[in-house]
2 protein chains.
Amino acid sequence: MSEERRPDLAAMLFPLGRVLIAIEEPILSASDLSMWAYAVLSGLGEEPVRTQAALAAAIGADKSRVIPVLDDLQERGLISRRPDPADRRVRLVALTPEGRSVRSRVQAEIQRAEEELLERLSPDDRRAFLRTLHTLYESVRVAEPAQAMPRGS
Amino acid sequence: MSEERRPDLAAMLFPLGRVLIAIEEPILSASDLSMWAYAVLSGLGEEPVRTQAALAAAIGADKSRVIPVLDDLQERGLISRRPDPADRRVRLVALTPEGRSVRSRVQAEIQRAEEELLERLSPDDRRAFLRTLHTLYESVRVAEPAQAMPRGS
DNA sequence: TATTGTTATACTCTATAACTATA
DNA sequence: TATAGTTATAGAGTATAACAATA
């Protein structure tokens with residue numbers, strides 16, 4: 001029972017990641033959003049986050065890295081950020097209605113563009129791939145508390 | 001027939017990529033290899049590459065970025081690099097026997113470590129996932145001539 | 001003149017470590 | 001004293017562009 005020869009997982013994932021970035025980039029810049037800004041909007045999309053540090057951790061960023069991003073999004077009225085009355089050290093961050101609308105519009109565009117990539121698969125394969133990818137994603141999300149992206153080296 | 005709600009592809013792939021880097025890192029540094037050095041060894045593993053630029057493109061790096069890596073690997077006797085007699089502008093780069101052995105040992109270790117991640121899947125899912133990932137990988141490899149990794153932003 | 005490899009440089013991204021304000 | 005957020009800074013990683021050698 002010999003193992004199938006295959007490229008490393010990372011060797012297959014990274015080129016795919018590059019293509020996905022290339023797909024997202026024009027969509028994001030059409031709405032004047034950086035990758036991190038979109039990550040913040042996505043991170044806030046599900047449920048409101050209590051602290052900025054928690055938000056940063058959830059999207060795999062350093063807490064200091066998200067601050068200019070939050071400044072910008074707040075200035076543009078896409079998020080609200082106000083001190084928690086109960087503990088004035090923490091900032092309650094949330095999407096504004098407009099932020100929510102931008103987020104869902106952009107996400108829809110991105111996912112539509114991603115479909116072009118997935119269309120190369122049969123419907124069955126496509127479904128199975130997304131399901132398994134989601135499983136792995138959830139499994140690493142609980143295993144590894146989100147961390148900042150290590151750089152190249 | 002409503003679309004299933006799902007996170008963006010990139011949002012699922014990137015955390016997975018981070019975990020894979022974390023898995024590879026200790027294995028690579030045990031052999032004193034950087035990520036790019038391993039990418040070079042991998043790139044040379046299949047068939048010898050004729051030019052350094054082609055090698056760089058194959059691993060998604062800038063041609064100037066691989067030079068210090070090649071210097072180091074050559075100094076350590078893991079690769080050979082000699083001018084092509086037929087066109088002395090180009091350097092013929094190849095794995096030495098020792099380089100080949102290091103590469104296959106390290107790759108075996110990495111893939112063994114990756115299996116721990118894949119073990120969270122059923123054998124069927126695991127097989128299907130690897131097969132589909134490979135399909136996508138091949139499809140983007142021909143579509144997008146390998147390019148340097150765009151940075152965050 | 002065009003191409004391969006190389007070097008030097010400027011730029012971007014990033015984490016770290018101080019600092020503030022609250023508790 | 002400890003924690004959330006902020007700011008400033010130094011370091012790493014990168015692409016760009018100029019350069020040398022060969023064609």
Side-chain angles (χ1 to χ4, degrees), chain A residues 14 17-18 21-22 25 28-29 34-40 43-44 48-75 79-94 146-153, chain B residues 14 17-18 21-22 25 28-29 33-40 43-44 48-75 79-94 145-153:
Chain A
F14 275 68
R18 281 197 283 262
I21 288 177
E25 218 290 320
L28 291 177
S29 54
S34 70
M35 214 66 94
W36 283 117
Y38 179 62
V40 163
L44 292 173
V49 179
R50 236 192 70 84
T51 73
Q52 293 183 185
L55 171 62
I59 64 175
D62 189 87
K63 64 176 177 160
S64 71
R65 197 198 278 172
V66 299
I67 290 177
V69 179
L70 293 173
D71 290 346
D72 174 60
L73 292 175
Q74 182 177 24
E75 203 169 325
I79 65 169
S80 66
R81 179 163 54 155
R82 59 199 180 77
D84 183 350
D87 179 347
R88 296 213 311 286
R89 288 175 304 182
V90 333
R91 307 277 176 272
L92 298 173
V93 185
Q147 244 178 352
M149 177 72 122
R151 39 221 167 351
S153 162
Chain B
F14 275 69
R18 281 198 284 263
I21 288 178
E25 219 291 320
L28 291 177
S29 54
L33 290 171
S34 71
M35 214 67 92
W36 284 117
Y38 179 62
V40 163
L44 292 174
V49 179
R50 235 192 71 86
T51 73
Q52 294 183 184
L55 171 62
I59 63 176
D62 190 86
K63 65 176 175 159
S64 70
R65 195 197 281 173
V66 300
I67 290 178
V69 179
L70 293 173
D71 290 345
D72 173 61
L73 291 175
Q74 183 177 22
E75 202 169 327
I79 65 169
S80 65
R81 179 162 54 154
R82 59 202 178 77
D84 182 350
D87 180 348
R88 295 213 312 285
R89 288 175 304 182
V90 333
R91 307 277 177 273
L92 298 173
V93 185
Q147 244 178 351
M149 177 72 124
R151 38 218 168 351
S153 167

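These numbers come from a predicted model, not from an experiment. We name chains A, B, ... by the order of the sequence lines, and we start the count at 1 in each one.
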Strand DNA chain C in bracket notation, Watson-Crick/G-U under 3.5 Å with | for pairs to another chain
|||||||||||||||||||||||
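When rounded to the nearest whole Å, the span between CD1 of Ile21(B) and P of dT14(C) equals 13 Å. dA21(D) atom P lies 15 Å from atom CD1 of Ile67(B), rounded to whole Å. Atom CD in Gln52(B) sits roughly 15 Å away from atom C1' in dA20(D) (whole-Å rounding).
Proximity of Trp36(A) to Asp72(A): side-chain heavy atoms (C-beta onward) are nowhere separated by under 4.5 Å. Considering only heavy atoms from C-beta on, Arg50(A) comes within 4.5 Å of Asp84(A) through its side chain. For the pair Pro83(A)/Arg91(A), a side-chain contact is recorded, criterion being any heavy-atom separation below 4.5 Å from C-beta on.
For the pair Gly60(A) and Arg65(A), the tightest heavy-atom approach, listed with the atom from each and the gap, is O-NH1, 4.2 Å. For the residue pair Pro85(A) and Leu92(A), the shortest heavy atom distance occurs at CD-CD1, 4.4 Å. Listed here is the closest heavy atom pair of Lys63(B) and Ala56(B): CA-CB, 3.7 Å.
Nearest nucleotide to the side chain of Val90(A), out of dT4(C), dA4(D), dT7(C): dA4(D). Distance from the side chain of Arg65(B) is smallest for dT14(D) among the nucleotides dT14(D), dG5(C), dG5(D).
Residue Arg81(A) is classed as a sugar-phosphate contact, given heavy-atom separations below 4.0 Å to backbone atoms only.
None of Thr51(A), Val66(A), Leu70(A) except one satisfies the side-chain contact (heavy atoms from CB on, under 4.5 Å) rule with Val93(A); the exception is Leu70(A).
Counting heavy-atom neighbours within 6.0 Å of Arg82(B) CZ, excluding the residue itself, gives a total of 12 or less.
Checking the phosphate oxygens (OP1, OP2) of dT14(D), a side-chain nitrogen or oxygen of Trp36(B) falls inside 4.0 Å.
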Would you tabulate the nitrogen or oxygen pairs shorter than 3.5 Å linking the protein to nucleotides 17-23 of chain C?
from	atom 1	to	atom 2	distance (Å)
dA23(C)	OP1	Arg88(A)	N	3.0

